[in-house]
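Here's the structure, in structure tokens; my notes come after.
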Amino acid sequence: MGDTFARIYEVVRRIPVGYVATYGQVAALAGNRRWARVVGYALHANPDPHGIPCYRVVSRDGKLAPAFAFGGEERQRALLEADGVAFRADGSVDLAHCQWDGF
DNA sequence: GGCGTGACTTATA
DNA sequence: ATATAAGCCACGC
């Protein structure tokens with residue numbers, strides 16, 4: 001696989017329990033902020049769902065991926081709630097409180 | 001090597 | 001506030 005995917009996966013692995021990160025944020029931490037789309041592509045490939053918590057990556061508005069491969073948004077929301085992530089009334093993640101700092 | 005595609009983002013109307 | 005346009009990069013054919 002290319003280095004880009006490897007870096008992206010590396011960043012996603014660093015997301016601590018109870019926090020989430022946006023695609024753009026992951027792209028920026030991976031080295032290039034314009035990889036936002038590539039991040040989505042990489043997570044879609046998701047070669048190691050056991051080590052890569054792709055459910056901790058959400059859109060800029062805290063919206064979840066509609067095409068989540070492991071059971072849809074319901075499943076993703078359940079996993080995030082299990083990690084202690086706070087949700088808003090509309091079902092989106094409360095980024096103000098749960099967005100990963102990047103450390 | 002070119003072309004189309006996508007789990008995105010930002011800008012503009 | 002929502003809708004539409006453009007930019008951006010890696011991957012597969």
Side-chain angles (χ1 to χ4, degrees):
Chain A
M1 77 177 76
D3 297 320
T4 307
F5 272 40
R7 287 184 181 178
I8 292 172
Y9 295 140
E10 193 92 0
V11 172
V12 176
R13 269 191 206 118
R14 285 184 196 162
I15 303 175
V17 177
Y19 285 86
V20 297
T22 66
Y23 292 96
Q25 184 181 355
V26 172
L29 290 171
N32 196 327
R33 155 184 167 177
R34 299 171 192 78
W35 289 346
R37 299 185 75 157
V38 182
V39 171
Y41 199 93
L43 292 181
H44 186 193
N46 194 3
D48 184 14
H50 183 68
I52 305 171
C54 53
Y55 61 87
R56 287 183 188 151
V57 183
V58 298
S59 67
R60 191 75 179 79
D61 294 328
K63 217 63 173 149
L64 305 182
F68 191 64
F70 295 118
E73 295 186 32
E74 298 290 323
R75 179 64 177 161
Q76 184 172 10
R77 190 174 70 187
L79 290 168
L80 290 175
E81 287 182 331
D83 282 354
V85 175
F87 275 78
R88 298 187 73 182
D90 61 351
S92 55
V93 179
D94 187 353
L95 291 174
H97 266 119
C98 300
Q99 184 170 19
W100 181 33
D101 305 87
F103 297 103

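Worth saying up front: this structure is predicted, and the values here are computed from it rather than measured. Order of the sequence lines sets the chain letters (A, B, ...), proteins ahead of strands, with each chain counted from 1.
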Rounding to a whole Å, what distance do you find between A:Arg37:CZ and B:dT9:P?
11 Å

For the pair made of CG in A:Asp90 and C1' in C:dT2, what is the distance, rounded to whole Å?
15 Å

Under 3.5 Å, is there a donor-acceptor pair between the A:Asp61 and A:Ser59 side chains?
no

Between P of B:dC8 and CD of A:Gln25, the distance in whole Å:
16 Å

Nearest to the side chain of A:Thr4, heavy atoms from C-beta on, is which of B:dA7, B:dT9, C:dA10?
C:dA10

By nearest nucleotide on DNA chain C, pick out whichever of A:Tyr41 and A:Arg34 is the more 5' one.
A:Arg34

A:Leu43 CG to B:dT5 P, in whole Å, measures 22 Å

Do A:Asp101 and A:Tyr19 pass the side chain to side chain donor-acceptor pair (under 3.5 Å) test, and can you show the C-alpha distance, the side-chain angles, and the key distance before you say yes or no?
CA-CA 9 Å; A:Asp101 305 87; A:Tyr19 285 86; 4.9 Å; no

Nearest atoms (heavy-atom pairs only) where A:Ala36 meets A:Tyr23
O-CB, 4.1 Å

Comparing A:Val38 and A:Val58 on DNA chain B - which has the more 5′ nearest nucleotide
A:Val38

Write down the distance between OH (A:Tyr23) and C1' (C:dC9), rounded to a whole number of angstrom.
16 Å

Starting at atom CZ of A:Arg7, determine the distance to atom P of C:dC9, rounded to an integer number of angstrom.
15 Å

Take the protein atom CD1 of A:Ile8 and the nucleotide atom C1' of C:dC8, then report the distance between them rounded to whole Å.
13 Å

Separation of C:dA10 C1' from A:Trp35 CH2 (nearest whole Å)
9 Å

Does the distance from a Lys or Arg side-chain N to an Asp or Glu carboxylate O, for A:Glu10 and A:Arg7, drop under 4.0 Å?
no

Look at the side-chain N and O atoms of A:Arg33 and state whether any lies under 4.0 Å from the OP1 or OP2 oxygen of B:dT9.
no

